[in-house]
Amino acid sequence: IEYLLIATDGKLYYFTQDQLEDEYNWDTIEPTLIGNIGPNDASFFTFDKKVYILSGKYMSWDGTTLEEVEGYTPLVFINTPPNGGGLVYDEINMLNPKKHQTFNGDGTSTEFYIAQKEVDSIDKVYVDGELKTQGTDYSVDTTNGKVTFTNAPQQAMDNVDIWWTLDDGDRNIIENMKFGTVFGGNIDSRVFLYGNPECQNRTYFSGITDGIPSVEYFPATAQVDIGPSNFALTDLTRQYDRLLATTNRPEAYYLTIATQELNVTLSDSSTTTRLVPSVSTYPLNEVHGNIAPGQGQLLNNYPVTIDKNAFR
């Protein structure tokens, strides 16, 4: 089923394609209420059979359920000795204050130190794939980021998995983005968000989780500044394998993206592969830009924005 979504008065509604094609009954058809999305202006983009809504919240609708996106929980370090360290794996997710880290048990150590201190909570702990019970199997010290086991986990690689929460407010940066453009070079593998007045010239882009593109994962360093910070990035429009970026200075740039494979060697000499994005920005002109945020369009495959005169 295809839908026409409408955001008005803090609520999200839909019309079905069948309703819209029944033009003789347009006077009587009523939209179906999906749910509340908040009082702010809203914009949408689609990705992996879901509609994502930017409205001062970051929400999704899969045709059945409207909900706030919790976000992917990153595995920030792997192959970690009990006293800390380890190999960097995932970056922190700006959408989700939760993280987890895997450790190598050595059969004797009972104290394990996670990558952050002064955490809000230590949420769950697995040993050899089994969920352990706080107070019986282990105790926590959130100030020092420490988990102390009653019995030392056996010697094995990445057999201890500790999950915790530390909320540093990054989610608000993503939630206050106004617009999203799906782009990934030759394939639509990421979304680029923009329009937050607190970082008006910046776009944040989504990442890859376990080799799969996800718009529920925004790595902390996945960001690009377009032009001077005292002017706003006002539109991102995809054209072929590049992304046209326009500002209200006015200026225009274009972005390209490539993905590189990074091999990581583990302590047992085996290797794992991480996909690392590389985004490049190039100036296009210093004459034409865009004064209508989020309103750029492709007409006959030419990007058109609104400047003092229409710009193509």
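Residue numbers count from 1 along this sequence. As the structure is a prediction and not an experimental result, all values here were calculated from the model.
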Ring pair (Phe, Tyr, Trp, His ring centres under 6.0 Å) involving Phe112 - partner list, sequence neighbours excluded: Phe103, Phe149

Gln200 (side chain) donor-acceptor with Ser229 (main chain) under 3.5 angstrom: yes

Is there a donor-acceptor pair closer than 3.5 Å between any side-chain N or O of Asn248 and the backbone N or O of Pro250? no

Are more than 12 heavy atoms, taken from residues, nucleotides or ligands other than Glu68, located less than 6.0 Å from that residue's CD atom? yes

Using salt bridge (charged side-chain N to carboxylate O under 4.0 Å, His left out), reason through Glu91 and Lys99 one step at a time and then give a plain yes or no. CA-CA 9 Å; Glu91 289 189 58; Lys99 305 100 183 165; over 6 Å; no

Look only at the side chain of Asp106 and the backbone of Thr108, and say whether a donor-acceptor pair between them is shorter than 3.5 Å. yes

Measure the CG-CG distance between Asn230 and Asn201 for me, rounded to the nearest 0.5 Å. 8.5 Å

Contacts of Ser60 meeting side-chain hydrogen bond (donor to acceptor under 3.5 Å, both in side chains) (sequence neighbours excluded), chain-then-number -> none

Treating Asn104 as the side-chain partner and Asp158 as the backbone partner, does any N or O pair qualify as donor plus acceptor under 3.5 Å? yes

Here the side chain to side chain donor-acceptor pair (under 3.5 Å) pairs for residues 133-149, sequence neighbours left out, are Asp141-Asn144

Salt-bridge criterion met for Lys50 and Asp62 (N-O under 4.0 Å): no

Judged by modelled atom types alone, do Gln239 and Asn301 share a side-chain donor-acceptor pair under 3.5 Å? no

Contact check, side chains of Asp241 and Thr256, non-hydrogen atoms, under 4.5 Å: no

Can you find a pair of side-chain heavy atoms, one from Ile208 and one from Arg190, that are under 4.5 Å apart? yes

Using the test side-chain hydrogen bond (donor to acceptor under 3.5 Å, both in side chains), find all partners of Thr8 that sit at least two apart in sequence or belong to another chain. none

Look at the side chain of Thr181 and the backbone N and O of Phe192, then say whether any donor-acceptor pair between them is shorter than 3.5 Å. no

Cluster link Val76 to Tyr113, ILVMFWY, side chain under 4.5 Å: no

Fellow cluster residues of Tyr126, listed by chain then number, with links counted only when side-chain atoms sit under 4.5 Å apart: Leu131, Trp163

Among Asp90, Asn93, Thr209, find the residue that satisfies the side-chain hydrogen bond (donor to acceptor under 3.5 Å, both in side chains) test when tested with Tyr72. Asp90

Looking at Phe183, Phe205, Phe179, which hits ring pair (Phe, Tyr, Trp, His ring centres under 6.0 Å) with Tyr194? Phe179

Taking 4.0 angstrom as the limit, do Arg249 and Glu286 come out as a salt bridge? no

Distance from Asp225 atom CG to Thr203 atom OG1, nearest 0.5 Å? 9.5 Å

Are more than 12 heavy atoms, taken from residues, nucleotides or ligands other than Lys98, located less than 6.0 Å from that residue's NZ atom? no

Listed once per pair and sorted, the side chain to side chain donor-acceptor pair (under 3.5 Å) pairs that draw on residues 34-46, sequence neighbours left out: none

Is Val88 linked to Ile114 within one hydrophobic cluster, defined over Ile, Leu, Val, Met, Phe, Trp and Tyr using a side-chain heavy-atom separation of less than 4.5 Å? yes

Ser109 side chain to Glu111 main-chain N or O, any donor-acceptor pair under 3.5 Å? no

Checking Asp18 against Thr16: is there a side-chain donor and acceptor pair closer than 3.5 Å? no

Would Thr237 and Leu298 satisfy side chain to side chain contact (heavy atoms under 4.5 Å, CB included), going step by step from the backbone distance to the final call? CA-CA 8 Å; Thr237 299; Leu298 280 181; 4.0 Å; yes

Look up atom CG in Asn25 and atom CD in Gln19, then write down how far apart they are to the nearest 0.5 Å. 10.0 Å

Polar side-chain atom of Thr234 near backbone of Thr246 as donor-acceptor pair, under 3.5 Å: yes

What residues, two or more places apart in sequence or in another chain, satisfy ring pair (Phe, Tyr, Trp, His ring centres under 6.0 Å) together with Phe15? none

Under a 3.5 Å distance rule, please check whether Glu23 uses its side chain to pair with a backbone N or O of Leu20 as donor and acceptor. no

I'd like to check the ring pair (Phe, Tyr, Trp, His ring centres under 6.0 Å) partners of Tyr24; sequence neighbours left out, ordered by chain and number. none

Let's go through Gln154 and Asn159 carefully: what are the C-alpha distance in whole Å and the side-chain angles of both, what is the deciding distance for side-chain hydrogen bond (donor to acceptor under 3.5 Å, both in side chains) to 0.1 Å, and is it a yes or a no? CA-CA 8 Å; Gln154 68 176 339; Asn159 63 326; over 6 Å; no

For Ala42 and Ala7, the nearest pair of non-hydrogen atoms, with its separation, is CB-CB, 3.9 Å

Taking side-chain hydrogen bond (donor to acceptor under 3.5 Å, both in side chains) as the criterion, tell me which of Thr73, Asp123, Asn96, Asp120 meets it with Thr165. Asp123

Should Leu66 and Met59 count as side-chain neighbours, where that means a heavy-atom distance under 4.5 Å? yes

Below 4.5 Å, heavy atoms only, C-beta onward: do Lys11 and Ile37 meet side chain to side chain? no

Can you name the nearest heavy-atom pair linking Gly184 to Ser189, along with the distance? CA-OG, 3.6 Å

Interatomic spacing from OH in Tyr253 to CG in Leu284 - rounded to 0.5 Å: 10.5 Å

Do Thr247 side-chain atoms and Glu251 backbone N/O form a donor-acceptor pair below 3.5 Å? yes

Is there a chain of hydrophobic side chains (I, L, V, M, F, W, Y, each step under 4.5 Å between heavy atoms) that links Ile162 to Ile92? yes

Does anything in residues 148-157 form a salt bridge (charged side-chain N to carboxylate O under 4.0 Å, His left out)? List the pairs, not counting sequence neighbours. none

Which residues share a side-chain contact (heavy atoms from CB on, under 4.5 Å) with Ile291, sequence neighbours left out: Ile306, Asp307

So, Gln101 side chain and Ala115 main chain: donor-acceptor pair closer than 3.5 Å or not? yes

Separation between CD1 of Ile78 and CG of Asp161, rounded to the nearest 0.5 Å: 11.5 Å

Is it the case that one hydrophobic cluster holds both Val51 and Tyr13, taking links as side-chain heavy atoms less than 4.5 Å apart, direct or via other members? no

Between Ala245 and Ile226, the two heavy atoms sitting closest are CB-CG2, 4.1 Å

Joint hydrophobic cluster, Leu5 plus Ile53, side-chain heavy atoms closer than 4.5 Å: yes

Among residues at least two apart in sequence or on other chains, which ones pass side-chain hydrogen bond (donor to acceptor under 3.5 Å, both in side chains) with Tyr14? none

With heavy-atom distances below 4.5 Å as the criterion, would you say the side chains of Met157 and Asn79 are in contact? yes

Indicate yes or no: at least one non-hydrogen side-chain atom of Thr102 is less than 4.5 angstrom from one of Leu75. yes

Who clusters with Tyr204? Use side-chain heavy atoms, under 4.5 angstrom, across I, L, V, M, F, W and Y, and order the result by chain and number. Phe45, Phe47, Tyr52, Leu54, Tyr58, Val69, Met94, Leu95, Ile173, Ile174, Met177, Val182, Val191, Leu193, Val215, Phe218

